[in-house]
*Asks:* 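One structure, pasted below without further comment.
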Amino acid sequence: MPFPASNPFGAEEKAAAQRVLDSGVLSGFIGAWHSAFLGGPEVRAFEQRWAKACSTDFAIAVNSCTSGLFACIGAAGVGPGDEVIVSPYTMSASAVAPLIFNSVPIFADIDPQTYTLDPASIRERITPRTRAIVVVHIFGQAADMDPIMALADEHDLVVIEDAAQAPLATYKGRPVGTLGHMGVFSLNYHKHIHTGEGGMVTTNSPTFAEKVQLIRNHAEAVMAGKPSSDLVNMIGFNFRLGEMEAAIGACQLAKAPELVARRKANVAKLESMLAGIPGLSMPVIGPAGDHVFYQHTLDFDRDAADIDRDVFVKALKAELPVTELRESEGPILSAGYVRPLYLLPMFQSEIGYGQLQCPFKCPHYGGRANYSKGICPNAERAHYERVIIHEYMRPAMTETDMRDFANAVHKIAEHARELRAVGKVEN
């Protein structure tokens with residue numbers, strides 16, 4: 001039987017969607033300096049609730065976490081010739097965002113246990129051209145923010161938190177998204193809070209909030225009617241969230257604490273079931289002291305397991321059924337997460353915009369970015385040798401479901417010797 005679907009929608013979301021349909025207004029935005037510049041009533045109400053939930057002064061709804069990252073880079077004043085320090089082990093948008101404003105991503109390495117940016121590696125990458133840092137709270141826990149913010153203060157850098165995978169997570173008791181200068185969250189279909197597509201930007205700075213609002217909604221046209229002397233990066237986009245998504249998002253936000261609690265409870269049960277398997281270690285909770293488990297990330301030691309990780313994962317997939325509503329994906333389990341992003345063709349070829357190969361080789365940039373293999377050994381080791389990620393701790397999973405998964409893992413571990421022989425034949 002398939003594992004159960006994670007479908008968090010109920011009567012509340014249906015009533016909210018019907019309310020929006022009955023209103024006849026699916027978007028309340030006007031792309032000009034107007035009373036509707038900030039969107040319709042559902043968007044504004046959702047923003048207020050999000051700001052309260054995250055204990056932040058401002059929340060700005062956008063149509064994706066990706067567009068939120070783009071808007072934050074613009075609000076930070078990043079431009080040609082600048083560098084932005086980013087993580088190599090994350091979804092591509094976290095590292096590509098600087099390119100939108102023709103600045104150069106510089107990759108720092110990750111901590112080998114938490115997979116978040118290593119503050120020591122960040123320090124090594126800072127140059128006179130560094131303008132900002134994009135910190136990713138990967139897999140559900142916060143990066144070690146205190147030393148990162150100390151570096152930012154020392155070098156006058158803007159810190160943008162990518163909290164796509166960590167809503168409601170905390171760092172030493174403080175909510176993520178409020179630790180840096182701006183934070184960005186995701187609302188797309190497999191995140192903790194789900195509206196199909198969508199995102200939210202948080203900040204305590206009225207200046208950054210206004211700039212994000214402008215970039216979200218055709219800044220270049222709005223500035224004609226709004227008195228301001230600061231036109232830097234006021235080239236706008238259509239990053240606006242619809243009324244339907246906002247209404248559904250408000251319902252999802254109300255459910256989020258319970259859903260996160262269920263993830264944590266499921267992880268505790270599952271980890272007890274997985275205890276004692278040679279070569280398999282459970283996620284390390286870093287200085288943040290909290291984890292909301294977007295995914296459950298296992299560390300694999302080939303020598304202790306006596307089998308190659310990829311053979312182990314392939315065999316485990318053969319033991320597992322699909323998941324309802326995600327049948328086409330096969331078992332929701334993988335060896336590694338994403339290839340270190342600097343190995344993508346765009347970075348390897350250093351081709352971005354136009355014939356001048358901006359921003360990598362254009363005349364405005366006085367530096368030389370290094371995207372060669374080996375620059376982030378911890379990220380490469382994590383992806384190619386150590387990391388196994390899975391989603392068999394989602395709120396819909398019952399204890400019986402998790403026991404089925406754990407039994408499969410134990411079975412593979414018990415037959416490591418036979419599988420090792422098969423792996424040699426295949427290779």
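Heads up: numbering here begins at 1 and tracks the sequence.
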*Asks:* Are more than 12 heavy atoms from other residues, nucleotides or ligands located less than 6.0 Å from atom NZ of Lys361?
*Replies:*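 Counting other residues, nucleotides and ligands, NZ of Lys361 exceeds 12 neighbours.
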
*Asks:* When you measure from the side chain of Gln348 to the backbone of Tyr371, do you find a donor-acceptor pair of N or O atoms at a distance under 3.5 Å?
*Replies:*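 Confirmed, Gln348 side chain pairs with Tyr371 backbone.
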
*Asks:* Does Lys255 reach the main-chain N or O of Pro8 with its side chain, forming a donor-acceptor pair under 3.5 Å?
*Replies:*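 Yes: the side chain of Lys255 pairs with the backbone of Pro8.
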
*Asks:* Would you call Arg216 and Leu38 a side-chain contact if the rule is heavy atoms closer than 4.5 Å?
*Replies:*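 SC-SC contact between Arg216 and Leu38 confirmed.
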
*Asks:* Once you measure the plane-to-plane angle for Tyr342 and Phe107, does it fall in the parallel (<30°), tilted (30-60°) or perpendicular (>60°) bin?
*Replies:*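 Tyr342 and Phe107: perpendicular rings.
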
*Asks:* Could you go step by step and tell me if Phe237 and Ile100 meet the side chain to side chain contact (heavy atoms under 4.5 Å, CB included) rule?
*Replies:* CA-CA 11 Å; Phe237 300 85; Ile100 301 304; 4.0 Å; yes

*Asks:* Would Thr90 and Ser87 count as having a side-chain donor-acceptor pair, cut-off 3.5 Å?
*Replies:*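 There is no such pair (donor and acceptor under 3.5 Å, judged by atom type) between the side chains of Thr90 and Ser87.
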
*Asks:* Going by an N to O cut-off under 4.0 Å, is there a salt bridge joining Asp82 and Arg129?
*Replies:*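 Arg129 and Asp82: not salt-bridged.
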
*Asks:* Quick one: sort the Phe46 and Trp50 rings into parallel, tilted or perpendicular, breaks at 30° and 60°.
*Replies:*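 Ring orientation of Phe46 relative to Trp50: perpendicular.
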
*Asks:* Would you please test Met397 and Phe3 for side chain to side chain contact (heavy atoms under 4.5 Å, CB included) and show each step?
*Replies:* CA-CA 7 Å; Met397 294 288 285; Phe3 283 126; 3.8 Å; yes

*Asks:* Which distance, rounded to the nearest 0.5 Å, do you find between the CZ of Phe300 and the CZ of Arg309?
*Replies:*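 So the gap between those two atoms works out to 8.5 Å.
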
*Asks:* Would you say Glu243's side chain and Glu42's backbone share a donor-acceptor pair under 3.5 angstrom?
*Replies:*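 Present.
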
*Asks:* One thing to verify: whether Glu210 and Lys226 come together as a salt bridge, which I'm taking to mean a side-chain N less than 4.0 angstrom from a carboxylate O.
*Replies:*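 Salt bridge between Lys226 and Glu210, a charged N being under 4.0 Å from a carboxylate O: yes.
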
*Asks:* Kindly determine whether Met182 and Glu161 satisfy side chain to side chain contact (heavy atoms under 4.5 Å, CB included), including the steps that lead there.
*Replies:* CA-CA 6 Å; Met182 290 174 275; Glu161 300 173 68; over 6 Å; no

*Asks:* Calculate, to the nearest 0.5 Å, the distance between atoms CD1 and OG1 belonging to Ile126 and Thr130 respectively.
*Replies:*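 Ile126 CD1 to Thr130 OG1: 6.0 Å, rounded to 0.5 Å.
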
*Asks:* Do Asp146 and Arg174 meet the salt-bridge criterion of a basic N to acidic O distance under 4.0 Å?
*Replies:*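 Between Asp146 and Arg174 there is a salt bridge, with a charged N closer than 4.0 Å to a carboxylate O.
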
*Asks:* With a 4.5 Å cut-off on side-chain heavy atoms, are Val313 and Ser334 touching?
*Replies:*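 No, side chains not in contact.
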
*Asks:* Crowded around Lys172 NZ? As in, over 12 foreign heavy atoms under 6.0 Å?
*Replies:*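 Counting other residues, nucleotides and ligands, NZ of Lys172 exceeds 12 neighbours.
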
*Asks:* With distance as the sole criterion, is a donor-acceptor pair present between the side chains of Arg125 and Ser121 under 3.5 Å?
*Replies:*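 Checked: Arg125/Ser121 side chains pair up, N/O donor to acceptor below 3.5 Å.
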
*Asks:* Are the charged groups of Glu329 and Arg326 less than 4.0 angstrom apart, N to O?
*Replies:*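 Salt bridge between Glu329 and Arg326, a charged N being under 4.0 Å from a carboxylate O: yes.
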
*Asks:* For the CD1 atom of Ile389 and the CD1 atom of Ile332, what is their distance to the nearest 0.5 Å?
*Replies:*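 Between Ile389 CD1 and Ile332 CD1, I get 10.5 Å after rounding to 0.5 Å.
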
*Asks:* Looking at Gln357, I want to see if its CD is surrounded by more than 12 non-hydrogen atoms of other residues, nucleotides or ligands under 6.0 Å.
*Replies:*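 For Gln357, atom CD is crowded (more than 12 foreign heavy atoms under 6.0 Å).
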
*Asks:* Is the backbone of Ala305 close enough, under 3.5 Å, to the side chain of Asp303 for a donor and an acceptor to pair up by distance?
*Replies:*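 No; zero donor-acceptor contacts below 3.5 Å.
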
*Asks:* Please check this pair: side chain of Glu12 against backbone of Cys251, looking for a donor-acceptor N/O pair closer than 3.5 Å.
*Replies:*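 Judged by distance alone, no pair lies under 3.5 Å.
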
*Asks:* Should we say atom CG of Asn7 is surrounded by more than 12 heavy atoms from elsewhere, each under 6.0 Å from it?
*Replies:*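 Correct, the count exceeds 12.
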
*Asks:* Would you mind checking if Glu324 and Arg394 are paired as a salt bridge, meaning a charged N to carboxylate O distance below 4.0 Å?
*Replies:*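 Looking at Glu324 together with Arg394, the answer is no, because their closest N to O distance does not fall below 4.0 Å.
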
*Asks:* Please tell me whether Thr203 and Ser205 have a donor and an acceptor in their side chains that are separated by less than 3.5 angstrom.
*Replies:*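 No donor-acceptor contact under 3.5 Å links the two side chains.
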
*Asks:* I'd like to know whether NE2 of His364 has more than 12 heavy-atom contacts from other residues, nucleotides or ligands below 6.0 angstrom.
*Replies:*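 Result for NE2/His364: open.
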
*Asks:* Under 30°, 30 to 60°, or over 60°: which ring-plane class applies to His390 and Phe405, parallel, tilted or perpendicular?
*Replies:*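 Ring orientation, 0 to 90° scale: tilted.
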
*Asks:* I'd like to know if Arg302 and Asp308 make a salt bridge, using a cut-off of under 4.0 Å between side-chain N and carboxylate O.
*Replies:*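 The answer is yes: the pair qualifies as a salt bridge.
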
*Asks:* Does any part of the side chain of Arg386, heavy atoms only, come nearer than 4.5 Å to the side chain of Asp301, both counted from C-beta?
*Replies:*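 Yes, their side chains come closer than 4.5 Å.
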
*Asks:* Quick one: are His296 and Leu270 in side-chain contact, heavy atoms under 4.5 Å?
*Replies:*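 Counting from C-beta outward, His296 and Leu270 do come under 4.5 Å.
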
*Asks:* Salt bridge or not for Lys264 and Asp290, using N-O below 4.0 Å?
*Replies:*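 Salt bridge present between Lys264 and Asp290.
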
*Asks:* When you measure from the side chain of Gln48 to the backbone N and O of Ala45, does any donor-acceptor pair fall under 3.5 Å?
*Replies:*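 Such a contact is absent between Gln48 side chain and Ala45 backbone.
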
*Asks:* Is the distance from the ring center of Phe101 to that of Phe70 below 6.0 Å?
*Replies:*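 No: the rings miss the under 6.0 Å criterion.
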
*Asks:* Mind checking whether Asn188 and Ser64 have side chains closer than 4.5 Å, heavy atoms only?
*Replies:*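 Asn188 vs Ser64: side chains apart.
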
*Asks:* Given the ring of Tyr392, does Lys269 sit roughly above its face, with NZ or CZ under 6.0 Å from the centre of the six-membered ring and within 45° of the axis?
*Replies:*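 No, Lys269 does not sit over the ring of Tyr392.
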
*Asks:* For Arg131 and Gly79, indicate whether the former's side chain and the latter's backbone hold a donor-acceptor pair under 3.5 Å.
*Replies:*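 Flag not set: sc Arg131 to bb Gly79 has no pair under 3.5 Å.
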
*Asks:* Looking at Leu344, I'd like to know if its CG atom is crowded, meaning that more than 12 non-hydrogen atoms belonging to other residues, nucleotides or ligands lie closer than 6.0 Å.
*Replies:*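 Yes.
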
*Asks:* How are the rings of Tyr115 and Phe139 set to each other: parallel, tilted or perpendicular (split at 30° and 60°)?
*Replies:*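 Correct class here is perpendicular.
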
*Asks:* Decide yes or no for Leu99 and Met346: does some side-chain heavy atom of the first lie under 4.5 Å from some side-chain heavy atom of the second?
*Replies:*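 They are in contact (side-chain heavy atoms under 4.5 Å apart), so the answer is yes.
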
*Asks:* Should the pair Arg339-Glu380 be classified as a salt bridge under the 4.0 Å nitrogen-to-oxygen rule?
*Replies:*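 Salt bridge absent between Arg339 and Glu380.
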
*Asks:* Just say parallel, tilted or perpendicular for the rings of Tyr294 and His190, cut-offs at 30° and 60°.
*Replies:*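 Aromatic pair Tyr294/His190 classed tilted.
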
*Asks:* Minimum heavy-atom separation for Asp162 and Cys65, please, with both atom names.
*Replies:*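 Between these two residues, the closest heavy atoms are OD1-SG, 3.9 Å.
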
*Asks:* May I ask you to test the His192-Val260 pair for a side-chain heavy-atom distance under 4.5 Å?
*Replies:*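 The answer is yes; the side chains approach within 4.5 Å.
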
*Asks:* For Arg123, is there an ion pair with Glu154 - N to carboxylate O distance below 4.0 angstrom?
*Replies:*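 Yes, charged N to carboxylate O under 4.0 Å.
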
*Asks:* Given side chains that start at C-beta, do those of Cys376 and Ile110 come closer than 4.5 Å, heavy atoms only?
*Replies:*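 No, side chains not in contact.
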
*Asks:* One thing to verify: whether Glu391 and Arg263 come together as a salt bridge, which I'm taking to mean a side-chain N less than 4.0 angstrom from a carboxylate O.
*Replies:*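 Glu391 and Arg263: not salt-bridged.
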
*Asks:* Quick check: closest heavy atoms across Ala166 and Val292, and the distance to 0.1 Å?
*Replies:*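 Distance-wise, the nearest heavy atoms are CA-CG2, 3.7 Å.
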
*Asks:* Please confirm whether the backbone N or O of Arg240 pairs with a side-chain atom of Asn238, one donor and one acceptor, at under 3.5 Å?
*Replies:*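 Yes: the side chain of Asn238 pairs with the backbone of Arg240.
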
*Asks:* We want to know whether Thr116 and Asp111 form a side-chain donor-acceptor pair, criterion being a heavy-atom distance below 3.5 angstrom.
*Replies:*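 On atom types as modelled, these side chains do not qualify, holding no pair under 3.5 Å.
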
*Asks:* Any donor and acceptor pair, going by atom type alone, linking the side chain of Glu83 with main-chain N or O of Thr127 inside 3.5 Å?
*Replies:*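 No, the answer is negative, given that no donor and acceptor are paired below the 3.5 Å cut-off.
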
*Asks:* Do Leu280 and Val409 pass the side chain to side chain contact (heavy atoms under 4.5 Å, CB included) test, and can you show the C-alpha distance, the side-chain angles, and the key distance before you say yes or no?
*Replies:* CA-CA 10 Å; Leu280 207 61; Val409 179; 3.8 Å; yes

